[in-house]
Amino acid sequence: MSDLGSLVQQTADRLAGQQVGVVVAGLAGDAVEIRGAGRTGAGPAADVPGAHTLFEVGSVTKVFTSLTLARLVTAGSAALDEPLADALPAGSTVPSKGGTAITLQHLATHSAGLPRLPAGMLLPALLNPRKPDPYVHCTGEALLAGLARTRLHSAPGRGFRYSNLGAGLLGLALAHRSGIGYGELVAREIAEPLGLADTVIEVSGEQSARLAQGHSPRRRPVPRWNLADLAGAGALRSTAADLAVLLRAQLASGRGEDGPLAPAIALTREVKHRVNPFAWAHLGWLGHRLHPHQGGHLQIWHNGGTGGFASFVAFDPEKQVGVIVLANTRRSVDPAGTALLRTLQTDHATAG
């Protein structure tokens, strides 16, 4: 197998020419390599980002939201087929279609038929670098009021339509059911059992010093996003070190090993909602298998993006490899992350 550290550093160095700063992690078997390049901020004196630099991870948050659902299900505190209406505040109006109610599983697999964004929000607003936080007004009250007047695009369970609204509602419902805030819930169910000290919504004073500055595609500093009560869709901040722990737990589950989250991780991957003949949605994760001419490898992944950050997390439980790419520029890192994963998959197959 090629040297893991060299492959990771080469990816980081290539991305540094496109990003302000980037951290790349590669996992192969028991080995983990994390390398950074570029700068955490705009000034030339800013630190090089590293394993413990915090980034907004955007929609990678959805993996944590769905894993939290799986934890509650395995503990008997929730059910995948539970109607969303039963987990929301009394009196909430939830749309249905074809006589089918939206369930928690529908939200976690993007099969509820909901639109991508809450009522009244337009995609161009998300792409305006001068807009501080397009989700700032997404309070619980506003989300539920908008949900009441939302029309579903398809009957729940029938199609696939990626939805920030759906993931945010799942986080809101789980927090309401648990009686604590979304951030506290993720800490209790995911971060604390795995020892993820830096996977948070609100950063502490010490963490603030390690939080990278986000930038537009033109490398201009931009404000941070918080997402209000739509937090379950993309509000978490994390580090490459923490996400590597999460991926190691995912890979251990692929080997059938036990762990604090093993039953919940297994449940997230047991659920599959077919998107097309080659791709599907798990609880939280997206998956596909490459064409045999491309190696036929399995890829389970999720990406993320906020006003000033981009992220990509992916793994192959069969080949026992994974990658993490975090950048503090709103420019996609998916191609670089995918290329590194495919290299690790091929090298592992050759080594094996």
Side-chain angles (χ1 to χ4, degrees), residues 59 61-73 75-126 133-186 189 201 225-236 271 273 275 281 283-284:
S59 287
T61 300
K62 295 178 174 68
V63 170
F64 288 86
T65 303
S66 291
L67 185 53
T68 298
L69 168 62
R71 282 274 286 178
L72 296 178
V73 169
S77 301
L80 292 179
D81 61 357
E82 178 179 351
L84 170 61
D86 291 355
L88 290 175
S92 299
T93 300
V94 179
S96 63
K97 191 166 187 174
T100 303
I102 296 173
T103 67
L104 302 185
Q105 178 172 323
H106 292 146
L107 297 177
T109 56
H110 300 283
S111 59
L114 289 164
R116 184 182 184 96
L117 298 172
M121 289 191 67
L122 299 175
L123 187 59
L126 304 183
D133 181 352
Y135 294 102
V136 69
H137 299 298
C138 291
T139 63
E141 294 79 4
L143 289 172
L144 294 179
L147 180 63
R149 60 178 188 272
T150 296
R151 290 188 175 185
L152 302 186
H153 293 275
S154 60
R158 295 294 300 274
F160 175 87
R161 190 180 183 91
Y162 187 86
S163 177
N164 284 336
L165 172 59
L169 288 170
L170 178 58
L172 184 69
L174 296 179
H176 179 261
R177 165 62 56 81
S178 302
I180 57 178
Y182 172 80
E184 296 173 89
L185 181 60
V186 170
E189 298 296 333
I201 293 179
W225 283 11
N226 294 298
L227 280 84
D229 286 326
L230 203 73
L236 285 176
V271 174
H273 178 82
V275 176
L283 297 179

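What's counted below: heavy atoms across the whole structure, side chains too, no hydrogens, waters or symmetry copies. Computed from a predicted model, the values in this text were never measured in an experiment.
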Under the side-chain hydrogen bond (donor to acceptor under 3.5 Å, both in side chains) test, which residues partner [X], sequence neighbours left out?
{"X": "Thr109", "answer": "Ser111"}
{"X": "Ser66", "answer": "none"}
{"X": "His110", "answer": "none"}

Q: Test Ser178 against Glu189 for side-chain contact (heavy atoms from CB on, under 4.5 Å), laying out the working first.
A: CA-CA 11 Å; Ser178 302; Glu189 298 296 333; over 6 Å; no
Q | pair Val94-Pro83: side-chain heavy atoms closer than 4.5 Å | A |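 When only atoms from C-beta onward are counted, Pro83 and Val94 do not touch, as no gap falls below 4.5 Å.
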Output side-chain donor-acceptor pairs under 3.5 Å for residues 169-177, partner residues at least two apart or in another chain, one line each.
from, atom 1, to, atom 2, distance (Å)
His176, ND1, Ala87, O, 3.2
Arg177, NH1, Ser77, O, 3.2
Arg177, NH1, Glu82, OE1, 3.3
Arg177, NH1, Glu82, OE2, 3.0
Arg177, NH2, Glu82, OE2, 2.2
Arg177, NH2, Asp86, O, 3.3

Heavy-atom closest contact ([X] atom, [Y] atom, distance):
{"X": "Ser163", "Y": "Leu114", "answer": "OG-CB, 3.8 Å"}
{"X": "Asn226", "Y": "Asp133", "answer": "N-OD2, 2.7 Å"}
{"X": "Ala167", "Y": "Ala233", "answer": "CB-CA, 4.0 Å"}
{"X": "Leu104", "Y": "Ala78", "answer": "CD1-CB, 4.4 Å"}
{"X": "Thr61", "Y": "Gly232", "answer": "CG2-O, 3.7 Å"}
{"X": "Lys62", "Y": "Ser59", "answer": "NZ-OG, 2.7 Å"}

Q: Apply side-chain contact (heavy atoms from CB on, under 4.5 Å) to Pro115 and list each qualifying residue two or more places apart in sequence or on a separate chain.
A: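 By the side-chain contact (heavy atoms from CB on, under 4.5 Å) rule, Pro115 matches Thr150, His153, Leu165.
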Spacing of [X] atom [atom1] and [Y] atom [atom2] [to the nearest 0.5 Å]:
{"X": "Leu80", "Y": "Leu72", "atom1": "CG", "atom2": "CG", "answer": "10.5 Å"}
{"X": "Leu107", "Y": "Thr65", "atom1": "CG", "atom2": "OG1", "answer": "10.5 Å"}
{"X": "Phe64", "Y": "Leu185", "atom1": "CZ", "atom2": "CG", "answer": "13.0 Å"}
{"X": "Ile102", "Y": "Leu88", "atom1": "CD1", "atom2": "CG", "answer": "9.5 Å"}

**Q.** Intermediate values then yes/no, side-chain contact (heavy atoms from CB on, under 4.5 Å), Val186 and Ile201
**A.** CA-CA 10 Å; Val186 170; Ile201 293 179; over 6 Å; no
Q) So Tyr182 and Leu227, side-chain contact (heavy atoms from CB on, under 4.5 Å) or not? Walk me through it. A) CA-CA 12 Å; Tyr182 172 80; Leu227 280 84; over 6 Å; no
Q: Mind jotting down which residue pairs meet the side-chain hydrogen bond (donor to acceptor under 3.5 Å, both in side chains) criterion with at least one end in residues 93-107? Sequence neighbours excluded, please.
A: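 The answer is Thr103-His106.
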